[in-house]
Amino acid sequence: MISLLAILLLFLSSVVIGVYGVRAARSTPDFLVASQQISPGWNAMAIAGEYVSAASVLGLAGLMLKNGVGSLWWAVGFTAGYVAVAALVAGPMRRSGAYTVPDFADYRLGSRAIRKLCALIVLVIMWLYLIPQFKGAGVVLHLVSGTPYWVGVVLAGVVVSSSIAVGGMRAATYVQAFHYVVKLVFISVPALVLLVRAGEPGRELALRVDAGAWSRPLLDIHNSGQPLLATWSVLLATTLGAVGLPHVIMRFHTSATARIARRVAVGVIVLLGLFYLFPAVYGLLGRVFAAELITEGHTDQVTVVLPGAMVPGQWGAVLTALVAAGAFAAVLSTSSGLLLALAGGLSHDLSRSSVPRLRLAVAAGALVAVGLSLPAERVDINVLVGWAFAVAASTFCPLLVLGIWWRGLTVPGAAAGLVAGVCAATGAALASVLTGPHPGWLTVLLAQPAAWTVPLAFAVMAGVSLLTKPPEWAERAVLRLHIPQRAPGDG
């Protein structure tokens with residue numbers, strides 16, 4: 001009952017804060033990028049709130065419970081991705097004047113066909129990323145209230161789509177910044193309490209006995225026997241995937257200048273580094289105090305289950321309520337950004353854009369995501385998120401990096417690289433689900449394909465571009481991406 005009350009209060013607070021941004025969503029720039037008037041502090045907190053998803057709150061702890069300390073490489077990659085974003089794309093993307101990745105492709109290459117291809121890839125990435133968010137909502141609500149899994153999925157879809165359809169980017173910004181604070185406090189405080197509880201007499205021995213399970217520093221996906229390859233592939237997907245995530249790129253256009261966009265990216269790195277100290281605690285303690293979740297196949301539940309397992313009675317219920325609200329905040333804030341990017345792909349990039357069309361696209365995108373999430377109850381959250389990052393790393397990352405830093409990129413090269421990347425990454429993910437089991441290294445190359453799909457996409461994009469001729473104005477387009485901007489009001 002306490003957990004349901006906490007989630008209800010979170011919903012109500014989110015709606016109230018989101019309504020504040022409603023009056024500003026009157027045009028496409030208002031709806032998609034808040035007319036580029038978001039301050040750096042708000043923006044950094046909102047991006048961190050958007051980025052810390054169910055994969056971070058639920059999935060990372062669940063992977064640590066199942067696979068050991070090597071799973072922390074996911075957190076390393078998630079955070080390192082913003083180092084790459086700050087260094088390679090944040091400033092130039094803001095200077096391009098494009099709202100979305102398809103916008104950038106149109107600006108850089110002058111091709112409507114490439115714009116539409118990019119828009120279709122946006123839909124693939126966003127739906128892959130939305131499924132684990134809505135799955136997280138279903139799991140959490142079922143644990144704290146006993147309601148069927150589908151209720152939480154549908155409820156999350158309705159709440160998020162309603163808020164975004166009404167308020168757009170400005171509403172999402174305020175809600176996501178609020179959610180970052182909620183997640184940090186509601187996840188960290190119970191984690192610290194549980195650490196103190198674990199240090200009580202009689203409990204230290206259990207932790208020492210289980211220490212052998214934490215002596216493997218690398219990932220070993222599906223016990224493939226290829227931990228180095230698996231770790232490298234996950235790092236490529238999470239680090240370079242962040243560079244190509246459409247909702248991440250869209251966020252930097254809410255900054256007034258490229259310089260401010262880079263400052264925001266640096267702030268996000270700090271906020272993410274702080275948050276990722278705590279999901280590991282749940283995975284570590286869960287190995288000792290909630291190990292039954294491994295055999296039951298419910299490792300994604302450890303963050304919510306652990307407080308009640310370690311602290312019986314009313315205080316355990318209070319800690320569970322905090323964690324459940326924090327997990328729901330992760331679902332709502334990340335889903336908000338994903339639905340905005342999805343709406344941009346459906347309306348702004350594939351057809352003529354207007355605020356009514358964008359709002360309709362939000363509702364349609366949420367409906368599809370809910371439908372896809374319903375049969376995904378038994379799939380690990382981080383597996384789904386890993387696929388989304390792998391597709392982003394294999395498509396938009398090479399497009400943005402080469403488009404920003406190399407004047408030789410051409411339309412045929414970009415098209416060939418995008419098609420090769422999206423087909424290879426999604427094909428591998430589907431093959432890992434529909435076929436198998438596979439021996440050793442093949443398991444890694446299908447379940448986490450970034451180790452070969454990212455180099456493939458870069459090679460095809462660059463190779464085909466070298467065989468074709470870029471337009472005469474390509475050099476000027478690249479130069480514009482690197483000319484410093486003045487902040488509003490500078491002399």
Side-chain angles (χ1 to χ4, degrees), residues 1-19 49 52-59 61-62 130-164 175-176 178-194 197 278-279 282 286 289-290 293 296 298-336 366 369-370 373-374 376-377 381:
M1 188 63 185
I2 298 176
S3 297
L4 279 177
L5 180 61
I7 292 173
L8 178 61
L9 289 174
L10 176 70
F11 277 145
L12 293 177
S13 301
S14 302
V15 170
V16 170
I17 295 171
V19 167
V52 174
S53 67
S56 300
V57 176
L58 301 175
L130 273 168
I131 292 170
Q133 310 313 315
F134 290 162
K135 181 209 164 172
V139 168
V140 172
L141 198 63
H142 172 71
L143 284 175
V144 301
S145 68
T147 57
Y149 165 78
W150 67 267
V151 174
V153 173
V154 173
L155 181 61
V158 170
V159 171
V160 174
S161 60
S162 301
S163 173
I164 296 305
V175 171
Q176 288 165 343
F178 166 67
H179 285 168
Y180 174 78
V181 176
V182 169
K183 283 181 280 193
L184 181 61
V185 174
F186 285 14
I187 298 299
S188 64
V189 170
L192 294 174
V193 172
L194 295 181
R197 183 78 170 177
F278 300 104
Y282 293 91
F289 301 108
L293 295 176
E296 294 171 0
H298 296 304
T299 52
D300 283 338
Q301 299 178 6
V302 64
T303 305
V304 181
V305 169
L306 188 64
M310 290 187 64
V311 184
Q314 192 69 16
W315 282 112
V318 171
L319 294 177
T320 300
L322 292 178
V323 171
F328 248 92
V331 169
L332 297 180
S333 56
T334 301
S335 300
S336 299
V370 167
S373 303
L374 292 176
E377 184 177 4
I381 287 175

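A quick note: this is a predicted structure, and the numbers were derived from the prediction, not measured. Residues take their numbers from the sequence shown, with the count starting at 1.
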Legend entry - Results of side chain to side chain contact (heavy atoms under 4.5 Å, CB included) for Phe186 - residues two or more places apart only: Val182, Leu322, Ala325

Inset, instruction - Not counting sequence neighbours, list each pair that qualifies as a salt bridge (charged side-chain N to carboxylate O under 4.0 Å, His left out) and has a residue in residues 131-143. - result: Lys135-Asp300

Legend entry - Residue pair Val304 / Leu58, side-chain heavy-atom distance below 4.5 Å: yes

Legend entry - Tyr282 side chain near Val57 side chain, heavy-atom distance below 4.5 Å: no

Inset, instruction - May I have all residue pairs that pass side chain to side chain donor-acceptor pair (under 3.5 Å) and include part of residues 302-311, sequence neighbours excluded? - result: none

Legend entry - Test item: Gln133 side-chain N/O and Leu332 main-chain N/O as donor-acceptor pair under 3.5 Å: no

Inset, instruction - Mind jotting down which residue pairs meet the salt bridge (charged side-chain N to carboxylate O under 4.0 Å, His left out) criterion with at least one end in residues 313-327? Sequence neighbours excluded, please. - result: none

Inset, instruction - Any pair with a residue in residues 150-164 that passes salt bridge (charged side-chain N to carboxylate O under 4.0 Å, His left out), sequence neighbours left out, goes on the list, sorted by first then second residue, please. - result: none

Legend entry - salt bridge (charged side-chain N to carboxylate O under 4.0 Å, His left out) partners of residues 306-333, not counting sequence neighbours, each pair once: none

Legend entry - Sidechain-backbone polar pair: Arg197 side chain, Val311 backbone, donor-acceptor under 3.5 Å: no

Inset, instruction - Of all the heavy-atom pairs spanning Phe134 and Ser335, show the shortest one and how long it is. - result: CE2-OG, 3.6 Å

Show which side-chain atoms of residues 141-160 pair as donor or acceptor with protein atoms under 3.5 Å away, not counting sequence neighbours.
{"unit_1": "His142", "atom_1": "ND1", "unit_2": "Thr147", "atom_2": "O", "d": "2.9"}
{"unit_1": "Ser145", "atom_1": "OG", "unit_2": "Leu141", "atom_2": "O", "d": "2.6"}
{"unit_1": "Ser145", "atom_1": "OG", "unit_2": "Thr147", "atom_2": "N", "d": "3.3"}
{"unit_1": "Ser145", "atom_1": "OG", "unit_2": "Thr147", "atom_2": "OG1", "d": "3.0"}
{"unit_1": "Tyr149", "atom_1": "OH", "unit_2": "Ser373", "atom_2": "O", "d": "2.8"}

Inset, instruction - Sequence neighbours left out, what pairs pass side chain to side chain donor-acceptor pair (under 3.5 Å) with at least one residue falling in residues 312-334? - result: Lys183-Ser333

